[in-house]
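Heads up, the thing below is written out as structure tokens.
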Amino acid sequence: MPLTSISDDDFKRLTQFVHQQYGINLAQKRQLVTSRLSSLVMQKGYNDFGPFVTALLKDKNPADMELVLNRLTTNYTFFMRETEHFDFFSKTILPELVRRHQRDRVMAIWSAGCSSGEEPYNISIYIKEFLGSQAGQWDTRVLATDISQKALATAKRGVYELPDTIPSHWRKRYFVPVSGTSQYTVAPEIKNNVIFQTFNLMDPIRFRLKFDVIFCRNVMIYFDQPTKDALVRRFYDATVPGGYLMISHSENLGKNNPYATVAPSTFQKKS
């Protein structure tokens with residue numbers, strides 16, 4: 001029988017820890033925390049939340065923390081999600097990046113919170129389509145990060161059910177049918193264009209290059225405003241002058257946003 005309640009103290013200890021370490025705000029999600037963690041607590045051999053929370057916070061076991069985070073958040077995404085972003089990316093941003101990087105031929109693009117990988121693969125397809133026969137002359141590798149090892153494992157595997165919104169010529173060119181199933185594997189030319197890496201968005205951003213474009217969509221829905229403001233400031237500092245940040249249409253940045261708005265849910269660091 002599932003556990004139906006968590007004490008005020010255990011709830012506070014757990015949610016404060018998750019907020020401090022991962023930025024996820026669960027202060028108003030008591031029912032969600034109880035229902036989604038109940039079976040995990042029992043699987044770990046506890047009949048009460050208290051000892052489970054104590055052990056979790058004391059040991060800080062990465063595998064256990066990942067189990068908790070996977071229960072509390074939703075790694076849900078799909079190809080062609082919010083196509084308005086991809087239209088702006090292909091029609092406005094990519095021509096601009098090609099002009100800007102004619103000499104070095106390097107694009108720095110980050111899919112932050114990439115979940116199961118559809119977004120960075122989708123970005124790569126748009127880049128390949130835009131550059132055409134010149135794609136091999138460019139370094140367009142997309143950095144794709146997530147905190148979840150489980151999500152990254154799925155992303156690296158690159159096997160998906162494809163939605164009807166995928167253009168038929170993309171399906172033929174960029175995906176390989178998995179024999180005996182309705183699934184497809186991402187083709188090597190796209191898979192090899194994405195670098196997957198574990199990263200906690202609460203950590204300092206210290207990658208080798210600053211980014212021309214940062215996609216961070218449907219991630220900040222879990223953050224409170226101060227956490228969001230701090231992350232956006234880190235994104236801003238990690239963006240090249242003239243670079244872009246794209247967030248989900250269901251999110252907003254708040255009044256302390258240092259970027260300029262240039263399209264719905266699309267922001268630019270003005271030079």
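Computed from a predicted structure; not experimentally measured.
Of the inter-residue distances, the one linking Ile6 atom CD1 with Leu37 atom CG reads 7.5 Å to the nearest 0.5 angstrom. Annotation: the span from Phe267 atom CZ to Phe235 atom CZ amounts to 12.5 Å, rounded to 0.5 Å. For the atom pair OG1 (Thr266) and CG (Asp87), the distance works out to 10.5 Å, reported to the nearest 0.5 Å. Taking CG from Leu201 and CE from Met220, the interatomic distance works out to 9.0 Å, rounded to the nearest 0.5 Å. Atom CE of Met246 and atom CD of Glu84 lie 10.5 Å apart (nearest 0.5 Å). Rounding to the nearest 0.5 angstrom, the gap separating the CG atom in Leu245 from the CD atom in Gln268 is 11.5 Å.
By the 4.0 Å N-to-carboxylate-O rule, Glu96 lies too far from Lys91 to be salt-bridged with it. At a threshold of 4.0 Å, the pair Asp64-Lys44 counts as salt-bridged, since one of the basic side-chain nitrogens sits closer than that to a carboxylate oxygen. Salt bridge present: Asp212 and Arg100 bring a charged side-chain N and a carboxylate O closer than 4.0 Å. Glu119 has a carboxylate O that lies under 4.0 Å from a charged side-chain N of Arg217, or vice versa, which qualifies the two as a salt bridge. One finds a salt bridge joining Arg13 and Asp10 here, because a Lys/Arg side-chain nitrogen approaches an Asp/Glu carboxylate oxygen to under 4.0 Å.
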Audit row: Thr198, Gln149, side chain to side chain contact (heavy atoms under 4.5 Å, CB included) steps and yes/no: CA-CA 7 Å; Thr198 307; Gln149 295 285 349; 3.0 Å; yes
Test log, rule ring pair (Phe, Tyr, Trp, His ring centres under 6.0 Å), inputs Phe211 and Tyr244: CA-CA 8 Å; Phe211 295 97; Tyr244 294 87; over 10 Å; no
Ring pair (Phe, Tyr, Trp, His ring centres under 6.0 Å) between Phe175 and Tyr160, intermediate numbers included: CA-CA 9 Å; Phe175 298 91; Tyr160 304 99; 7.7 Å; no
Side chain to side chain contact (heavy atoms under 4.5 Å, CB included) between Ile195 and Trp110, worked out: CA-CA 10 Å; Ile195 301 168; Trp110 180 16; over 6 Å; no
From CA spacing to verdict: side chain to side chain contact (heavy atoms under 4.5 Å, CB included), Arg171, Leu162: CA-CA 8 Å; Arg171 190 180 295 250; Leu162 296 183; 3.8 Å; yes
Pair Asn193-Thr140, side chain to side chain donor-acceptor pair (under 3.5 Å): steps then yes or no: CA-CA 7 Å; Asn193 198 58; Thr140 61; 2.9 Å; yes
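Listed for the Lys156 side chain is no donor-acceptor partner under 3.5 Å among the backbone atoms of Ala153. Not one N or O on the side chain of Lys269 forms a donor-acceptor pair closer than 3.5 Å with the backbone of Pro241. In this structure, Gln225 contributes its side chain and Leu253 its backbone to a donor-acceptor pair below 3.5 Å. Counting only distance, with no hydrogens or angles, the side chain of Lys228 and the backbone of Asn252 share a donor-acceptor pair below 3.5 Å.
Of all heavy-atom pairs between Asn218 and Ser248, the closest is OD1-OG, 3.0 Å. Residues Pro51 and Tyr46 approach most closely at CB-CD2, 3.5 Å, considering heavy atoms. Val98 and Met107 get closest at one heavy-atom pair: CG2-CE, 3.9 Å. The shortest heavy-atom contact between Ala151 and Asp146 is CB-OD1, 4.2 Å.
Aromatic pair Trp170/Tyr126: ring centres closer than 6.0 Å. Between Tyr121 and Phe196, the ring center distance clears the sub-6.0 Å criterion.
Residues Ser115 and Leu152 fail the side-chain proximity criterion, which asks for heavy atoms closer than 4.5 Å.
A single hydrophobic cluster is not seen to contain both Ile190 and Val178; linkage of ILVMFWY side chains at heavy-atom distances under 4.5 Å, directly or through other members, places them apart. Val186 and Val176 fall into different hydrophobic clusters, defined by Ile, Leu, Val, Met, Phe, Trp and Tyr side-chain heavy atoms under 4.5 Å apart, directly or through other members. A single hydrophobic cluster is not seen to contain both Val106 and Leu94; linkage of ILVMFWY side chains at heavy-atom distances under 4.5 Å, directly or through other members, places them apart. Both Ile205 and Leu143 are members of a single hydrophobic cluster when ILVMFWY side chains are connected at heavy-atom separations under 4.5 Å.
Under the rule for a salt bridge (charged side-chain N to carboxylate O under 4.0 Å, His left out), Asp229 has no partner lying at least two apart in sequence or in another chain.
Checked by atom type, the side-chain pair Tyr174/Glu189 shows no donor-acceptor distance below 3.5 Å.
At least one cation-pi condition fails for Lys270 and Tyr259: the charged atom is not both under 6.0 angstrom from the six-membered ring centre and inside a 45 degree cone around its axis.
Screening Leu26, Thr54, Val53 against Leu14 for a side-chain contact (heavy atoms from CB on, under 4.5 Å) leaves a single residue, Val53.
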Would you be so kind as to tabulate the donor-acceptor pairs closer than 3.5 Å made by side chains of residues 16-23, with sequence neighbours excluded?
{"unit_1": "His19", "atom_1": "NE2", "unit_2": "Asp224", "atom_2": "OD2", "d": "2.8"}
{"unit_1": "His19", "atom_1": "NE2", "unit_2": "Thr227", "atom_2": "OG1", "d": "3.2"}

